[in-house]
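This report concerns only the one structure given below.
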Amino acid sequence: QAQVMESGGGVVPAGGSLRLSCIASGFSFKDTCMAWFRHPPGKEREGVASISSHSIITEYRENVKGRFTVTRDNAENSLYLQMNNLDPGDTAMYYCAAGTSGSCTAFWRSEHLYSTWGQGTQVTVSS
């Protein structure tokens with residue numbers, strides 16, 4: 001059974017940093033496109049970043065470019081999101097998602113391209 005589980009959320013002041021982690025099991029992680037999504041309060045869930053199976057291609061939503069970095073360790077079946085210079089607008093539940101192939105397409109922000117989701121980890125940025 002494919003599973004992913006996030007960790008690393010918390011409460012940080014504006015300008016602070018957090019590193020989210022996602023551990024995967026039950027599928028071939030190294031052959032799978034992975035992504036981070038977030039669900040801000042009062043808004044729809046949105047794609048944050050994606051990374052192809054061998055880290056060749058990464059994509060980011062515009063307002064996190066230069067602040068967030070997505071990486072993966074295929075030997076450890078792990079996905080990471082380093083978040084720096086956090087802003088209250090980054091407050092959300094953050095989710096790890098596993099795709100259905102190794103390539104992340106131009107539509108990486110589309111939730112239906114991902115078959116496995118975690119329960120989420122809450123990130124709260126105080127002003």
Side-chain angles (χ1 to χ4, degrees):
Q1 179 182 357
Q3 291 183 328
V4 294
M5 183 170 67
E6 307 90 342
S7 62
V11 180
V12 294
S17 297
L18 278 176
R19 188 192 194 209
L20 304 185
S21 299
C22 170
I23 185 75
S25 61
F27 63 98
S28 183
F29 178 81
K30 66 179 178 63
D31 296 317
T32 303
C33 163
M34 298 294 296
W36 288 99
F37 282 76
R38 67 186 182 186
H39 193 174
K43 298 181 181 180
E44 295 186 353
R45 190 157 60 181
E46 58 191 26
V48 176
S50 69
I51 184 167
S52 60
S53 57
H54 295 287
S55 306
I56 295 174
I57 297 175
T58 56
E59 299 279 1
Y60 298 91
R61 69 179 295 106
E62 193 63 33
N63 63 0
V64 306
K65 287 181 179 178
R67 300 188 298 123
F68 290 13
T69 303
V70 60
T71 58
R72 64 191 296 161
D73 184 339
N74 287 345
E76 297 293 331
N77 284 359
S78 293
L79 177 72
Y80 304 100
L81 184 67
Q82 177 66 44
M83 305 186 295
N84 298 328
N85 193 21
L86 284 160
D87 180 87
D90 296 316
T91 294
M93 184 71 80
Y94 282 72
Y95 297 91
C96 170
T100 56
S101 72
S103 297
C104 300
T105 74
F107 304 101
W108 66 270
R109 295 178 184 84
S110 299
E111 296 183 28
H112 69 273
L113 296 180
Y114 301 90
S115 56
T116 304
W117 294 79
Q119 294 297 307
T121 186
Q122 178 67 38
V123 172
T124 302
V125 184
S126 60
S127 57

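Quick caveat: nothing in here was measured; it's all calculated off a predicted structure.
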Test item: [X] side-chain N/O and [Y] main-chain N/O as donor-acceptor pair under 3.5 Å:
X: Arg61; Y: Arg109; result: no
X: Ser110; Y: His112; result: no
X: Tyr60; Y: Val70; result: yes
X: Asn74; Y: His54; result: no
X: Thr91; Y: Val125; result: yes
X: Ser115; Y: Thr100; result: no
X: Gln119; Y: Glu6; result: no
X: Arg72; Y: Ser52; result: yes

Checklist entry - So, Trp36 versus Phe68, ring centres under 6.0 angstrom or not? => result no
Next on the checklist: Quick test of your reading of the model: are Glu46 and Arg38 salt-bridged, counting only N-O distances below 4.0 Å?
Outcome noted: yes
Checklist entry - Atom CE of Met5 and atom OG of Ser78: how far apart are they, to the nearest 0.5 Å? => result 10.0 Å
Item to check | Distance (rounded to the nearest 0.5 Å) between Phe107 CZ and Ser50 OG | outcome: 13.0 Å
Quiz: residues 13-26 side-chain donor-acceptor pairs under 3.5 angstrom, not counting sequence neighbours:
unit_1, atom_1, unit_2, atom_2, d
Ser17, OG, Asn84, OD1, 3.0

Checklist entry - Checking salt bridge (charged side-chain N to carboxylate O under 4.0 Å, His left out) for the pair Asp90/Arg67: CA distance, chi angles, key distance, verdict? => result CA-CA 11 Å; Asp90 296 316; Arg67 300 188 298 123; 2.7 Å; yes
Item to check | side-chain contact (heavy atoms from CB on, under 4.5 Å) between Trp117 and Arg45, worked out | outcome: CA-CA 13 Å; Trp117 294 79; Arg45 190 157 60 181; 3.6 Å; yes
Checklist entry - Parallel, tilted or perpendicular for Phe27 and Phe29, by the 30°/60° rule? => result tilted
